[in-house]
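Here's the structure we're looking at; comments come further down.
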Amino acid sequence: MRCWKYWPEVVEEPILKAIQSSVAIGLEVDESTDVSVKRQLDLHIRYMDNEGQLFSQFLDLVNVSDGKAVTIVAAIKEVLHKKNVPTNKLYGLGTDGAAVMTGRLNGVAKQLQDDFPWLMPVACAAHRLALACRDASSEVPYMSTFRDHLQQLHQYFQNSANRTAVLKAASQSLGLDNLKVKQVKDTRWLSQHLAILTLQKNLSAVMTALAEETEVHKCPVAKGLYGFCCTYRFVASVYLQADVLPHLARLSRIFQREKVNFLAIKEQVPVTMACLKNIKDAGDTQPPGSFLAQLHSDLDNPAGLGAFNIVDEEERERRGRGQVKPTREVLWSRYRTQVMEPYLDGLQDSLDRRFQNLNIMGAFHVLGPQAVKEDDSINFESIKTLSTKFLQQPDSHALQEWSSFKEHMLAFKDMDQLTIMSKLASQHDEWCQIYPSLSKLAAIALTVPISSVNCERDFSTMNRVKTDLRNRLQGDHLAACMLLSINGPPLSEFPYDRALDLFFQKPRKIKCVHSKANK
């Protein structure tokens, strides 16, 4: 029997029912190109059940003829209509922040807001973090050059099996990890962290391999890379990045969670900025255990970096002789003022600029325990902002509920904001009956997506499903394969009986070409 054709319908059926009964819905949208160079638009949906539990599911994949905003908007509306998604409950739109999505005059979000005024677009937090890191590196010339040389190191060893073998032999002789120089890519959010993590552990092996390629094989590329790497600024930058990037990588991992909400920005970004400020304020006395604290001891280690002629880059470029060699203290002071402090300042400024202006999302702080300590006028203003945007009723209802809800939070002051909002959003909790307006606002706050990382995961699934050998797979068939792969249960738990029921519900009469009825 060909009941397998109904497998996608079996998987999708309970999801669409849950979406229709959800109080609030959020949509993540992104576009990409598949292996057959066809433009695909991915839609991923967020919704809540009656118990206040958040779900994130793949909705559909649509082939679009071009990347224009009008085409994308038409495709989104078509999918929402086909899937019978209630647009009056659609409150959030997560995008990657591209101009076609967020354009102020004619972007996708603007056109959808014209039809759904309560819709709130949010640019992806993971993309914003990557842009903040890139901006900080671009503002300091040396850090931009440093990033380029990391990529050149990867390409130098990747393109030759002989060079990789030399690197492996050098790492083994020094008793270090069997390493590969990692690639740095803007599209991979954690790539620079992984590259620095590997390079810092095996820096002496990399320099040994470059020195051997320079002396034995007279390779000019290796000579140039060796000349750049054997400088105080390069080594110090590796150690600086080894201290800084774990904090940014931790923040990136939080933003890449499937069910992440705006609290990740509200709570985690200030923590990351405080950690960066502590590194800068530590100055000459970096805390024990940090990489910068062991920089000078590693440079003096004859079994490690001390075996190399690591000098200041200005000294290496100088033609004349007889000048006084700068001391270690001078090199560190110069590095701090010219590279380290401007880089950390730029990183903090970029994070503040891209994350602290939460606009309407910032008003949701009124549903947290910290609002009890604030002035009532500030809280009432936040309630008015949320009511004007999301609730189709007078502000007075939400304001009256807030006055009573504040007393409740005094009794539950040990709860965090996520727990409070989950209890408010649950249709089975008494708070939903007592505070219907605030309950709806809590559901909206939890379902509004702050990233489009789920769409990125969907594209990874698409690349696994549609390969070079299956490049003609497209349309509904491709979307069905992705639906089964992403949303489908394990084969042992699949409801085959439901698929059989759907199969037998369809008429099975086969028309005969030569029958009398057709003559």
Side-chain angles (χ1 to χ4, degrees), residues 18-27 46-55 86-93 113 115-122 259 261-267 356-450:
I19 291 173
Q20 292 166 8
S21 63
S22 178
V23 176
I25 299 170
L27 194 65
R46 292 160 62 96
Y47 59 94
M48 301 189 73
D49 63 5
N50 291 333
E51 296 180 356
Q53 184 177 358
L54 183 65
F55 291 89
T87 54
N88 62 318
K89 299 180 180 180
L90 182 61
Y91 291 100
L93 178 68
Q113 280 183 307
D115 295 328
F116 316 126
W118 53 86
L119 183 69
M120 183 173 64
V122 182
K259 300 176 183 179
N261 56 59
F262 79 101
L263 291 175
I265 296 177
K266 176 176 173 289
E267 297 173 357
Q356 295 307 306
N357 185 19
L358 297 178
N359 296 327
I360 297 176
M361 292 299 288
F364 281 114
H365 80 281
V366 75
L367 300 179
Q370 71 282 356
V372 178
K373 304 175 183 178
E374 295 182 354
D375 188 78
D376 283 345
S377 60
I378 299 177
N379 294 324
F380 287 165
E381 192 64 33
S382 298
I383 291 291
K384 289 180 181 179
T385 301
L386 297 176
S387 298
T388 302
K389 179 65 178 178
F390 300 114
L391 303 181
Q392 300 177 4
Q393 61 184 26
D395 298 339
S396 57
H397 294 279
L399 292 175
Q400 291 172 358
E401 291 180 13
W402 163 251
S403 299
S404 175
F405 181 67
K406 178 181 178 180
E407 302 302 323
H408 260 116
M409 284 198 295
L410 289 173
F412 296 100
K413 59 184 179 180
D414 294 334
M415 290 185 182
D416 58 15
Q417 185 166 356
L418 181 59
T419 304
I420 291 174
M421 290 195 303
S422 298
K423 286 176 64 66
L424 264 176
S426 174
Q427 302 300 300
H428 294 164
D429 196 281
E430 62 178 4
W431 279 9
C432 175
Q433 308 300 325
I434 301 174
Y435 309 116
S437 298
L438 297 184
S439 175
K440 187 173 183 179
L441 290 176
I444 293 171
L446 294 173
T447 53
V448 169
I450 66 161

**Message:** Given 3.5 Å as the limit, does a donor-acceptor pair link the side chain of Glu374 with the main chain of Asn379, or not?
**Reply:**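 Answer holds: no.
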
**Message:** Is it the case that the side chain of Ser382 and the backbone of Ile378 share a donor-acceptor pair, with hydrogens and angles ignored and the cut-off at 3.5 Å?
**Reply:** yes

**Request:** Applying side chain to side chain donor-acceptor pair (under 3.5 Å), run through Thr419 and Asp416 and close with a yes or a no.
**Result:** CA-CA 6 Å; Thr419 304; Asp416 58 15; 2.5 Å; yes

Approximate separation, where rounding is to 0.5 Å, of [X] [atom1] and [Y] [atom2]:
| X | Y | atom1 | atom2 | answer |
| --- | --- | --- | --- | --- |
| Lys389 | Leu119 | NZ | CG | 7.0 Å |
| Ser403 | Gln400 | OG | CD | 7.5 Å |
| Thr385 | Met361 | OG1 | CE | 13.5 Å |
| Ser422 | Gln53 | OG | CD | 9.5 Å |
| Leu441 | Leu424 | CG | CG | 9.0 Å |
| Met48 | Phe55 | CE | CZ | 9.5 Å |

Side chain to side chain donor-acceptor pair (under 3.5 Å) against [X], all qualifying residues, sequence neighbours excluded:
| X | value |
| --- | --- |
| Asp115 | Lys77 |
| Thr388 | none |
| Thr87 | none |
| Ser437 | Gln393, Glu401 |

Using side-chain heavy atoms (C-beta onward) and a distance below 4.5 Å, is [X] in contact with [Y]?
| X | Y | answer |
| --- | --- | --- |
| Ile19 | Pro86 | yes |
| Tyr47 | Lys89 | no |
| Leu391 | Lys440 | yes |

**Request:** Pick out which of Leu446, Leu54, Thr447 makes a side chain to side chain contact (heavy atoms under 4.5 Å, CB included) with Lys259.
**Result:** Leu54

Minimum heavy-atom distance between [X] and [Y], given as atom pair plus value:
| X | Y | value |
| --- | --- | --- |
| Cys432 | Ser426 | CB-O, 3.2 Å |
| Ile383 | Leu438 | CD1-CD2, 3.9 Å |
| Phe364 | Gln417 | O-NE2, 2.8 Å |
| Ala425 | Ala442 | N-CB, 4.2 Å |
| Ile450 | Asn261 | CD1-O, 3.3 Å |
| Ser439 | Gln427 | OG-NE2, 4.1 Å |

**Request:** Kindly write out the residues that satisfy salt bridge (charged side-chain N to carboxylate O under 4.0 Å, His left out) with Lys423, not counting sequence neighbours, or none if the list is empty.
**Result:**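 Once residues adjacent in sequence are excluded, the partners of Lys423 under the salt bridge (charged side-chain N to carboxylate O under 4.0 Å, His left out) criterion are Asp429.
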
**Request:** Please report the C-alpha distance between Phe390 and Ile360 in whole Å, then the side-chain angles of each, then the deciding distance to 0.1 Å, and finally whether the side-chain contact (heavy atoms from CB on, under 4.5 Å) criterion is met.
**Result:** CA-CA 10 Å; Phe390 300 114; Ile360 297 176; 3.9 Å; yes

**Request:** Begin from the C-alpha positions of Ile444 and Met120 and carry the test side-chain contact (heavy atoms from CB on, under 4.5 Å) through to its verdict.
**Result:** CA-CA 10 Å; Ile444 293 171; Met120 183 173 64; 5.9 Å; no

**Prompt:** What residues, two or more places apart in sequence or in another chain, satisfy ring-ring contact (aromatic ring centres under 6.0 Å, His included) together with Phe405?
**Reply:**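 ring-ring contact (aromatic ring centres under 6.0 Å, His included) check on Phe405 returns Trp431, Tyr435.
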
